**Student:** 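Quick one: this structure, given as structure tokens, is what I'll be asking you about.
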Protein chains: 4
Amino acid sequence: MLDIDLASPVPVYDQIKAGLKGLVSKGQLRPGDEAPSIRGLAASLKVNPNTVARAYRELSIEGFLDTRRGGVSLIADSAVQVAKGGLGDAREAFADAARRARRSGLSWQELSEAVRTLMKEEQ
Amino acid sequence: MLDIDLASPVPVYDQIKAGLKGLVSKGQLRPGDEAPSIRGLAASLKVNPNTVARAYRELSIEGFLDTRRGGVSLIADSAVQVAKGGLGDAREAFADAARRARRSGLSWQELSEAVRTLMKEEQ
Amino acid sequence: MLDIDLASPVPVYDQIKAGLKGLVSKGQLRPGDEAPSIRGLAASLKVNPNTVARAYRELSIEGFLDTRRGGVSLIADSAVQVAKGGLGDAREAFADAARRARRSGLSWQELSEAVRTLMKEEQ
Amino acid sequence: MLDIDLASPVPVYDQIKAGLKGLVSKGQLRPGDEAPSIRGLAASLKVNPNTVARAYRELSIEGFLDTRRGGVSLIADSAVQVAKGGLGDAREAFADAARRARRSGLSWQELSEAVRTLMKEEQ
DNA sequence: GTGGTCTAGACCACC
DNA sequence: GTGGTCTAGACCACG
């Protein structure tokens, strides 16, 4: 359901948050839908449930998740708005990465080529 | 001399390593040149000398720097080779960031647009 | 668990690295075993945790330790190989010390006698 | 004249001190002889003159060298006694190295074999 | 609780 | 002045 890179310096719980926001941005998850259970998602990502729990806790505070007693979390009605904010964060993070790549000596041409290549890979 | 982003999740010492490799990749620093002194670079980056020292130590182990006892650090003869490897790392890091951005819901079009925008900003 | 000589000119973190490799060489520690925790080892050696952390970091890079995110450090599967290399280093260091002792005026006879004496001391 | 290992963790000036004491212990240098000049020795060892100067300064304090105005240093009359003390230090350093080698996993047999091998190498 | 990063500041060896 | 080592102690991510 989500793709996590354990080797990345970006915290796993941040990747989980970004991933869920992405699913809403892309419309694969809609307000009112049940979010994956903490334990189930942790198992499928091979990650500690506490890590997922932290992501969900923060998403609840941000108004992206609506966590009910009993443990079920629903995608909140405001999730679409929150996810839009997440898009901005993602853009920022991507821009940072591009600048870092530049400082490492990559040319702009190489960067846009890399984007094209990845696009083809994904199809 | 180098650009460091303290807010980034990428460790500062890794940014320093990548930055120095980038300077060699771009030819702004050549084998035989003196690398900036640990203390001087730390002061100019407003970072603790230990952090720079860690970067330099690892660069020495990697054969990018030639550090003499009680002396100055020189860009090693093999630095160009090592820097080339660094380019690969940078490409990998950038590709990761792009994939993460995708998972966050950004379209490929938005990504290549972001690259174009940044390119213009920099000139 | 390990024996460290703070008065020695050999850096403490190098002694820790050599000691752990020695434990694996001698079979007292095996791949898959948990390495002592950084904080615990630091406390028992009466050394700063950062010093142990540096040793562990380098051992991880060398592929001797398998350090998980937020977790425990395990003796890596390749540790036996790495430890074998460590044996070579130890032999080199010992040979250096012997040559230095020679230059200081000790005879070969004295050196082999010293080895015999130490052997008996240890039993 | 002397053999110095720049890669060793033992300070160069300590190696110089030990080496000179060794020459006296072995009788290759006698009280009243001129010690090599600081600049000449530094040049032949490819070491900074300050480093040799420090060794000579300490040797003077220890009563091993007799430094005259004009820069000439003579082996002092008490040098033989001081050199004997140096032998004890050398023995200690060698014993330490042997213990460290043991901790690294080398057997006593390997150590005495190493001594024998080195002896043959030197002839 | 774990390891990882960073800061601040000490001392040492060497140029 | 340089780099190298070590200490002390902070905060973060993770289990």
Side-chain angles (χ1 to χ4, degrees), chain A residues 4 6 8-16 42 45-55 58, chain B residues 4 6 8-16 34-42 45-57 59-61 65-74, chain C residues 4 6 8-16 34-42 45-57 59-61 65-74, chain D residues 4 6 8-16 42 45-55 58:
Chain A
I4 297 298
L6 290 173
S8 158
V10 179
V12 173
Y13 72 85
D14 268 339
Q15 295 186 48
I16 294 173
L45 298 179
K46 285 168 191 162
V47 144
N48 190 290
N50 276 325
T51 303
V52 181
R54 172 163 181 183
E58 297 192 1
Chain B
I4 297 298
L6 292 173
S8 158
V10 178
V12 174
Y13 73 86
D14 265 340
Q15 295 186 49
I16 294 172
E34 283 189 11
S37 83
I38 290 184
R39 293 156 143 88
L41 187 54
L45 297 180
K46 285 169 188 161
V47 143
N48 189 285
N50 270 327
T51 303
V52 182
R54 173 167 179 184
Y56 274 42
R57 190 192 323 133
L59 287 172
S60 290
I61 293 173
L65 285 181
D66 187 5
T67 298
R68 309 245 168 123
R69 210 154 151 145
V72 186
S73 293
L74 304 178
Chain C
I4 298 298
L6 291 174
S8 158
V10 178
V12 174
Y13 73 85
D14 266 340
Q15 295 186 48
I16 294 172
E34 282 190 12
S37 84
I38 289 184
R39 291 156 144 89
L41 187 54
L45 297 180
K46 284 167 189 163
V47 145
N48 189 285
N50 270 327
T51 304
V52 181
R54 174 167 178 184
Y56 274 42
R57 190 191 323 132
L59 287 172
S60 290
I61 293 172
L65 284 182
D66 186 5
T67 299
R68 310 250 169 118
R69 210 152 150 146
V72 186
S73 293
L74 303 179
Chain D
I4 297 298
L6 290 173
S8 157
V10 178
V12 173
Y13 72 85
D14 267 341
Q15 296 185 48
I16 294 172
L45 297 180
K46 285 169 190 161
V47 145
N48 190 289
N50 277 325
T51 304
V52 181
R54 171 164 182 184
E58 297 192 1

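The chains referred to below are lettered A, B, ... by the order of the sequence lines, with proteins before strands, and numbering in each begins at 1. Computed from a predicted model, the values in this text were never measured in an experiment.
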**Student:** In Å and rounded to the nearest 0.5 Å, what is the CG to CG distance from Leu6(C) to Leu45(C)?
**Tutor:**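 These two atoms lie 8.5 Å from each other.
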**Student:** State which residues pass salt bridge (charged side-chain N to carboxylate O under 4.0 Å, His left out) with Asp66(C); sequence neighbours excluded, sorted by chain then number.
**Tutor:** Arg68(C)
**Student:** Is the base of dG15(F) touched by the side chain of Arg68(C) through a donor-acceptor pair closer than 3.5 angstrom?
**Tutor:**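 No, the side chain and the base share no sub-3.5 Å donor-acceptor pair.
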**Student:** Do the non-hydrogen side-chain atoms of Glu34(B) and Ser73(B) ever get within less than 4.5 Å of each other?
**Tutor:**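 Not touching, per the 4.5 Å side-chain cut-off.
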**Student:** Given atom CD1 of Ile38(B) and atom P of dC14(E), what is their separation to the nearest angstrom?
**Tutor:**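 Between P of dC14(E) and CD1 of Ile38(B): 17 Å.
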**Student:** Atom CG of Asp66(B) to atom P of dT2(F): distance rounded to whole Å?
**Tutor:** 18 Å
**Student:** Looking at dA8(E), which nucleotide sits across from it as a Watson-Crick or G-U wobble partner, both distances under 3.5 angstrom, or is there none?
**Tutor:**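 Looking at the geometry, dA8(E) pairs with dT7(F).
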**Student:** dT2(E) phosphate, OP1 or OP2: any side-chain N/O from Ser37(C) under 4.0 angstrom?
**Tutor:**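 Yes, because at least one side-chain N or O of Ser37(C) sits under 4.0 Å from OP1 or OP2 of dT2(E).
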**Student:** Looking only at non-hydrogen atoms, find the nearest pair between Tyr13(D) and Ala55(D) and report the distance.
**Tutor:** O-CB, 3.7 Å
**Student:** Would you mind reading off the distance between Ile4(C) atom CD1 and dT5(F) atom C1', rounded to a whole angstrom?
**Tutor:** 14 Å
**Student:** For dT2(F), which nucleotide in any strand shown is its Watson-Crick or wobble partner with both distances under 3.5 Å?
**Tutor:**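 Checking every strand shown, dT2(F) finds its partner in dA13(E), with both distances under 3.5 Å.
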**Student:** Measure CG/Leu59(C) against P/dG3(E) and give the value in whole Å, please.
**Tutor:**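 That distance rounds to 13 Å.
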**Student:** What nitrogen or oxygen pairs link the protein and nucleotides 6-10 of chain F at under 3.5 Å?
**Tutor:**
residue, atom, partner, partner atom, Å
dC6(F), OP1, Val12(C), N, 2.4
dC6(F), N4, Asn50(B), OD1, 3.3
dT7(F), OP2, Asn48(C), N, 3.0
dT7(F), OP2, Thr51(C), OG1, 2.6
dA8(F), N7, Asn48(C), ND2, 3.0
dA8(F), N6, Asn50(C), ND2, 2.5
dG9(F), O6, Asn50(C), ND2, 2.7

**Student:** Go through the structure and list residues passing side-chain contact (heavy atoms from CB on, under 4.5 Å) with Asn50(D), not counting sequence neighbours.
**Tutor:**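 Per chain and number, Asn50(D) pairs via side-chain contact (heavy atoms from CB on, under 4.5 Å) with Asn48(D).
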**Student:** Round to the nearest Å and state the distance from Gln15(D) atom CD to dA13(E) atom C1'.
**Tutor:**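 Result: 12 Å.
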**Student:** Using whole Å, report how far CD of Glu34(C) lies from P of dG15(F).
**Tutor:** 14 Å
**Student:** Nearest-Å distance, CG (Leu74(C)) to P (dG3(E))?
**Tutor:** 11 Å
**Student:** Between Leu74(C) and Leu65(C), is the side-chain contact (heavy atoms from CB on, under 4.5 Å) condition met? List the steps.
**Tutor:** CA-CA 6 Å; Leu74(C) 303 179; Leu65(C) 284 182; over 6 Å; no
**Student:** I need the Ile4(A) CD1 to Ile16(A) CD1 distance, nearest 0.5 Å.
**Tutor:**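 The CD1 atom of Ile4(A) sits 5.0 Å away from the CD1 atom of Ile16(A).
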**Student:** Answer with yes or no whether Arg39(C) presents, from its side chain, a donor or acceptor under 3.5 Å of a partner atom in the base of dG3(E).
**Tutor:**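 Result: at least one qualifying N/O pair found.
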**Student:** Starting from C1' on dT5(E), measure out to OH on Tyr56(C) and report it in whole angstrom.
**Tutor:**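 My rounded result for the distance is 18 Å.
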